[in-house]
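Worksheet: one structure, shown below.
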Amino acid sequence: QVQLVESGGGLVQAGASLRLSCAASGRSFTGYYMGWFRRAPGKEREFVATISWSGGIRYYADAVKGRFTISRDNAKDTVYLQMNSLKPAGTAVYYCAARNPYFTGAYFQGYNDWGQGTQVTVSS
């Protein structure tokens with residue numbers, strides 16, 4: 001059974017940093033892109049960032065470019081999201097997801113496995 005477990009969320013003030021982690025288990029994730037998404041209150045879920053298996057390809061949403069960094073440690077089956085200079089607009093539940101390796105569409109689509117999410121709240 002595939003499991004993606006996020007951790008590291010919390011309540012912080014604007015300008016602070018947080019690092020989210022996502023521990024994956026249940027099967028091999030070799031070759032999988034891994035992504036982060038978020039859902040703010042009253043809004044649709046949106047793409048945040050994704051990273052290829054090797055880590056050589058990364059994509060970010062415009063809203064987080066220059067402030068967030070996605071990384072992964074394949075030996076630990078863990079993906080990270082370093083979030084700096086957090087803004088109140090970053091308040092959301094953050095989800096980790098694994099992308100179907102056979103999907104050939106846009107990099108923000110094709111994610112079949114999802115975690116339960118971790119809450120990030122940024123106060124002004």
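- Legend: residues meeting ring-ring contact (aromatic ring centres under 6.0 Å, His included) with Tyr107, ordered by chain and number and at least two apart, are Phe47, Tyr59.
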Between Val79 and Leu20, does the side chain to side chain contact (heavy atoms under 4.5 Å, CB included) criterion hold? Intermediate values first, please. CA-CA 8 Å; Val79 183; Leu20 305 183; over 6 Å; no
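- Side-chain contact between Ser71 and Gln82 is absent, with no heavy-atom pair separated by less than 4.5 Å.
- Here Phe37 and Tyr111 bring their ring centres to under 6.0 angstrom of each other.
- Thr30 contributes no side-chain N or O that, together with a main-chain N or O of Ser28, makes up a donor-acceptor pair within less than 3.5 Å.
- Leu81 is not listed as a side-chain neighbour of Arg19, based on a closest heavy-atom distance of 4.5 Å or more.
- Closest of all the heavy-atom pairs between Thr78 and Ala23 is OG1-CA, 4.2 Å.
- Taking CD of Gln3 as the reference point, atom OG of Ser25 lies at 4.5 Å (rounded to 0.5 Å).
- Remark: Arg27 is positioned above the aromatic ring of Phe29, its terminal NZ or CZ atom under 6.0 angstrom from the ring centre and at most 45 degrees off the axis.
- The shortest distance between side-chain heavy atoms of Leu11 and Val122 does not fall below 4.5 Å.
- Using a 4.5 Å heavy-atom cutoff, the side chains of Arg58 and Thr69 are in contact.
- Using a 4.5 Å heavy-atom threshold, the side chains of Arg39 and Glu46 count as separate.
- Legend: residues meeting side chain to side chain donor-acceptor pair (under 3.5 Å) with Gln109, ordered by chain and number and at least two apart, are absent.
- The hydrophobic cluster containing Met83 also contains Val64, counting ILVMFWY residues as joined when their side-chain heavy atoms lie under 4.5 angstrom apart, directly or transitively.
- Nearest heavy atom pair, residue Arg72 against residue Ser52, reads NH1-O, 3.0 Å.
- For Ala63 against Arg38, the heavy-atom pair with the smallest separation is CB-NH2, 4.0 Å.
- Heavy atoms only, all atoms of each residue included: Ala106 and Arg99 are closest at O-NH2, 3.2 Å.
- Taking 4.5 Å as the limit, some side-chain heavy atom of Cys96 sits within range of a side-chain heavy atom of Met34.
- Residues Tyr80 and Cys22 fail the side-chain proximity criterion, which asks for heavy atoms closer than 4.5 Å.
- Trp53 contributes atom CH2, which lies 13.5 Å from atom OH of Tyr33 (distance to the nearest 0.5 angstrom).
- Summarising the geometry of Ala14 relative to Pro88, their closest heavy-atom pair is CB-CD, 4.0 Å, with the distance given to 0.1 Å.
- Looking at heavy atoms from C-beta onward, Leu18 lies in side-chain contact with Leu86 at the 4.5 angstrom threshold.
- Residue pairs that meet the side-chain hydrogen bond (donor to acceptor under 3.5 Å, both in side chains) test with at least one member in residues 114-124, sequence neighbours left out, are Gln119-Thr121.
- Only one option out of Ile70, Thr50, Ile51 pairs with Tyr60 in a side-chain contact (heavy atoms from CB on, under 4.5 Å); it is Ile70.
- Shortest non-hydrogen contact noted between Trp36 and Ser21 is CH2-O, 3.6 Å.
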